[in-house]
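Notes follow once the structure below has been shown.
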Amino acid sequence: MPHTSLSDQLTASQRRAVEHRDGPLLILAGPGSGKTRVITQRIAQMVRRGVDPRSILAITFTNKAAGEMADRVEALLPGAKVWVSTFHKFCARLLRQHARGVGLDTNYSIFDTVDQRQLIKLTMRELDIDPVTYQPAKIAAQISSAKNRMQSSEMFVQHYEERIGNHDQAVVARVYPAYQRALLASNAVDFDDLLLHTVALLVENPELRSELDARFRYVLVDEYQDTNLAQYQIVTAISQEHRNLCATGDPDQSIYGWRGARIGNILRFENDFPEAEVVRLEENFRSTQHILASADSLIAHNVERKAKSLITDNPQGAPVELLNFYDERQEADVIASEINRMVAEGDESYNDFAIFYRVNALSRKIERALSEHRVPYQVAAGLAFYERAEIKDLLAYLRLVHNPKDVASFARVVNTPTRGIGKKTQSRLNRWASTEGLSLMVAAAQAERCPQLGARAVKALKAFTAMIEQFSLADAGSISDLLRMIIDQTQLTRGWADSDTEQDQQRLANVNELVTDASQYDTAVGSESSLEGFLETTSLVNEGDSLDGETGRVTLMTLHAAKGLEFPVVYVVGVEENLIPHERSLRSDDWREKEEERRLLFVGMTRAMRRLFLTQTLRRDFRGRSLATIPSEFLMETEFVLNNYADGLGGEWDSTANRPTHDEMDQSVPDHDVPPIAANMQHARSTKQSAKLSLTTAADLLNGTSDQADIPVGFAEGMTVRHPKYGLGTVTTLSGFSKNRAVTVQFHDRDRIETFIAAKCPLQPVGMG
DNA sequence: CAGGCCGTGCTTTTT
DNA sequence: GCACGGCCTG
């Protein structure tokens, strides 16, 4: 494609981003603004202007994003050697070359979360810390979060000793250093370490840093709003002399703060690089005007952001609809039958639909309704291929062959399948190996020297090590053959083939798939074939990426998983207080957490191209109990028309099954009344009519257009109130409508924060301030 | 050493 | 409400 016509297809700001070559560049790209296209064209443009492709490094977070970008660059510049990689893969490569610099051997293992947990558990046992009282997963999370703050074990311990920490921190202060030592002894790193070791490498070796700075003269980072401290330091470290750092992202789509991502990194880009050019991509090519206006109105309520407008030439489209249901059963049934109706009318096909929810737990009831209504669907969740037990087992054999010090892999397979090396034997071997200073494999090979072990255990251990030692890539010839050899000798799949349980058949199929993967790898890399390379792809690649767009199925996923995708018709279910915003963010004293929740809903809404439905119910099952819900405070910040199904007049919903009669509803839910917001909008009940309706914000409704005579409105933010039990407090938030109007109070005594239903609580207003 | 029973404790999850 | 992990029994 000649580049004149190419530029013609770009908007003015897109062109500015594409044409920009030297110096820092910040691309603030709103949802659906053609960001990936801009980045890839920019790379192509740079190369056409004489930049050496090998001096360009493009970094993404996911393999999927990296793959897409690589494909698009390849299409524009066939054969160009631009390095497109994920952060973790980039660091893994760098560390292979400089492993010694951080105390590792080049054949180090990469521990995933499961390995990590296992090693932490092992470490805790050695420290005599009860893994029941202190859950390894939680300890692991705290260690990971410390690492995200770039707090080494030494720093954590020091920090802990300087001020009195709590019980958990005392445990972490003991486990963290021991865990790091165990990792080193295993010649292994966890995901966080890949980044941290790289930072250490760059800090401790100024000459390496400047070598990389010079080698990667042009650095592009996608989704910059999701970078954590370590990633930020890596990127900035290699952009000091050659300050051609191009950061792209959208602060409004930062939804991984809880994993250490720092929205501040993108917000302060212009401080870090004062000479930066800033390009805003504000034109949206995805959604209708109604959808964008509604999403924009929501996100405008965030304080921590860069103001950015969302504009589109797309048609106005249908208004965003808020569907109000009696309960989640009805919610799921109506969604399922509505999808069927729209498909039957020929407007849409199943793969045009997506259903998003805040927590995975919500998917179950939707899935059930979809199958009952014969709606084909796929769930974007479940265990990733490489996380399945049988795959991990097989890979652990491979890892142990490659890195015999790998404790997690040893522990995983030493008795899988069972070969008489039980827990007792293992812990005796552990203890002995650590006093003797031997790795587990070496200790097991000379188990007869261990006085605590019985003859049978010794025999089993020696047989195990002898078996592992005869596995070698050189002898097997290829990785797939090595895998076949392992499967054959270990009898890992014994019994599965004859078993008629679905699970065993699935396991067998998975194992076969791994062998197929391996042979594909073998042929793809030819003589370069190495255990290292194969293991690296399997530990850093997630198969969950391969969610298909053309399956003819409705897609279900969490709001987090939805980022970066688009669907013609989107349902966001459970837009209720405590779900989104999630209760945890409401309990937090950090207001930023609620803003992240708002961004999460924003991300969900902006996935929609033509139709967007938000849903809420009056009651929802929560941990086995059915509770009255409170509408999400975010609803008041969006624009929608209400389509009420909970009043028995409901729209198109005529499913006879399981629908509560009015009598049932009266009995079971004393406060099931249609809120005024709904009553006010009863004419909005048919989906087909909605396009004719005028837009109303929930806030408008709340401000008196509706009949609310019986509602106590006497609360305001900032007001001081008295509670008979909790004493004085200050009203921090008001949310919900009508009878669901809720008041959140921060009590002055201690840290108590409580939310009440305004109509029913014993709160006495005492005055303002 | 497997299979069942009970108690616990619950977001999100790019790598 | 359900899933996972630990513990106990056959």
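In what follows, every chain begins at residue 1, and chains take the letters A, B, ... in the order their sequences are listed. None of the values given here were measured: they were computed from a predicted structure.
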- Query: In whole Å, what separates the C1' atom of B:dT11 from that of C:dG6?
  - Reply: 25 Å

- Message: Going by centres under 5.5 angstrom and planes under 30 degrees, do the aromatic ring of A:H582 and the base ring of B:dT11 stack?
- Response: yes

- Message: Regarding A:D112, tell me which of base, sugar-phosphate or nothing describes its non-hydrogen contacts under 4.0 Å with the strands shown.
- Response: nothing

- Task: Report the distance from atom CZ of A:R587 to atom P of B:dC10, rounded to the nearest whole Å.
- Result: 11 Å

- Task: Quick one: label A:G564 by what it contacts on the DNA or RNA (base, sugar-phosphate, nothing), any heavy atom closer than 4.0 Å.
- Result: nothing

- Note on the structure: Applying side-chain hydrogen bond (donor to acceptor under 3.5 Å, both in side chains) to A:N430 and not counting sequence neighbours gives none

- Message: Rounding to an integer number of Å, can you tell me how far A:L600 CG sits from B:dT13 C1'?
- Response: 12 Å

- Rounded interatomic separation in angstrom, taking CZ from A:F356 and P from B:dT13: 13 Å

- Of A:R305, A:R598, A:K563, the residue whose pairing with A:D252 passes salt bridge (Lys or Arg N to Asp or Glu O under 4.0 Å): A:R305

- Query: Aromatic ring centroids of A:W258 and A:H582 under 6.0 Å?
  - Reply: no

- Item | Residue list, side chain to side chain contact (heavy atoms under 4.5 Å, CB included) with A:R259, at least two apart or on another chain | A:Y256

- Query: If you check the A:N360 side chain, which of B:dT13, B:dT11, B:dT14 turns out closest?
  - Reply: B:dT13

- side chain to side chain contact (heavy atoms under 4.5 Å, CB included) against A:D393, all qualifying residues, sequence neighbours excluded: A:R412, A:T416, A:L492

- Side-chain contact check for A:R259: nearest option of B:dG9, B:dT11, B:dT15 is B:dT15

- Note on the structure: Of the candidates B:dC1, B:dC10, B:dT13, the side chain of A:H560 sits closest to B:dT13

- Message: Once you apply a heavy-atom cut-off of 4.0 Å, does A:K138 come out as touching a base, just sugar-phosphate, or nothing?
- Response: sugar-phosphate

Identify each atom pair where a protein N or O and an N or O of nucleotides 2-8 of chain B are less than 3.5 Å apart, giving names and distance.
| residue | atom | partner | partner atom | Å |
| --- | --- | --- | --- | --- |
| B:dA2 | OP1 | A:T418 | OG1 | 3.3 |

- Task: Calculate the interatomic distance between A:R358 atom CZ and B:dC10 atom C1'; express it in whole Å.
- Result: 14 Å

- Task: Test the A:R607-A:F356 pair against the cation-pi criterion, namely NZ or CZ under 6.0 angstrom from the six-membered ring centroid and within 45° of the ring axis.
- Result: no

- Contact class for A:E593 vs. all strands (heavy atom < 4.0 Å): base, sugar-phosphate, or nothing? nothing

- With the side chain defined as heavy atoms from C-beta on, A:N415 is closest, among B:dT15, B:dC1, B:dT12, to B:dC1

- Query: How far does the C1' atom of B:dT14 sit from the matching atom of C:dA3, given to the nearest Å?
  - Reply: 25 Å

- Task: Could you walk me through whether A:Q180 and A:K147 pass the side-chain contact (heavy atoms from CB on, under 4.5 Å) test, one step at a time?
- Result: CA-CA 11 Å; A:Q180 285 309 113; A:K147 287 182 174 182; 2.8 Å; yes

- Query: Which residue, A:L194 or A:A361, contacts DNA chain B at a nucleotide closer to its 5' end, judged by nearest heavy atom?
  - Reply: A:A361

- Item | A:D190-A:Y179 side chain donor-acceptor pair, cut-off 3.5 Å | yes

- Give the minimum heavy-atom separation between A:D406 and A:S109, together with the two atoms involved. OD2-OG, 2.8 Å

- Message: Rounded to whole Å, how long is the line connecting atom NZ of A:K89 with atom P of B:dT15?
- Response: 10 Å

- Message: Protein within reach of the bases, or only the backbone? For nucleotides 1-10 of chain C, mark each nucleotide 5' to 3' as B, S or -, using heavy atoms under 4.0 Å.
- Response: BSS--S----

- Item | Residues that A:S585 engages under side chain to side chain contact (heavy atoms under 4.5 Å, CB included), provided they are two or more places apart | A:P581, A:E593, A:E597

- Respond yes when some side-chain nitrogen or oxygen of A:T558 is under 4.0 Å from OP1 or OP2 of B:dT13, and no when none is. yes

- Query: What's the closest nucleotide to the A:R584 side chain, out of B:dT11, B:dT15, B:dT14?
  - Reply: B:dT11

- Are the ring of A:W258 and the base ring of B:dT12 both nearer than 5.5 Å at their centres and tilted by less than 30°? yes

- Distance, rounded to the nearest Å, where A:L586 contributes CG and B:dT11 contributes C1': 13 Å

- Task: Indicate, with a heavy-atom threshold strictly under 4.0 Å, whether A:Y256 touches base, sugar-phosphate, or nothing.
- Result: base

- Query: Is a side-chain donor-acceptor pair under 3.5 Å present for A:T555 with A:Q378?
  - Reply: yes

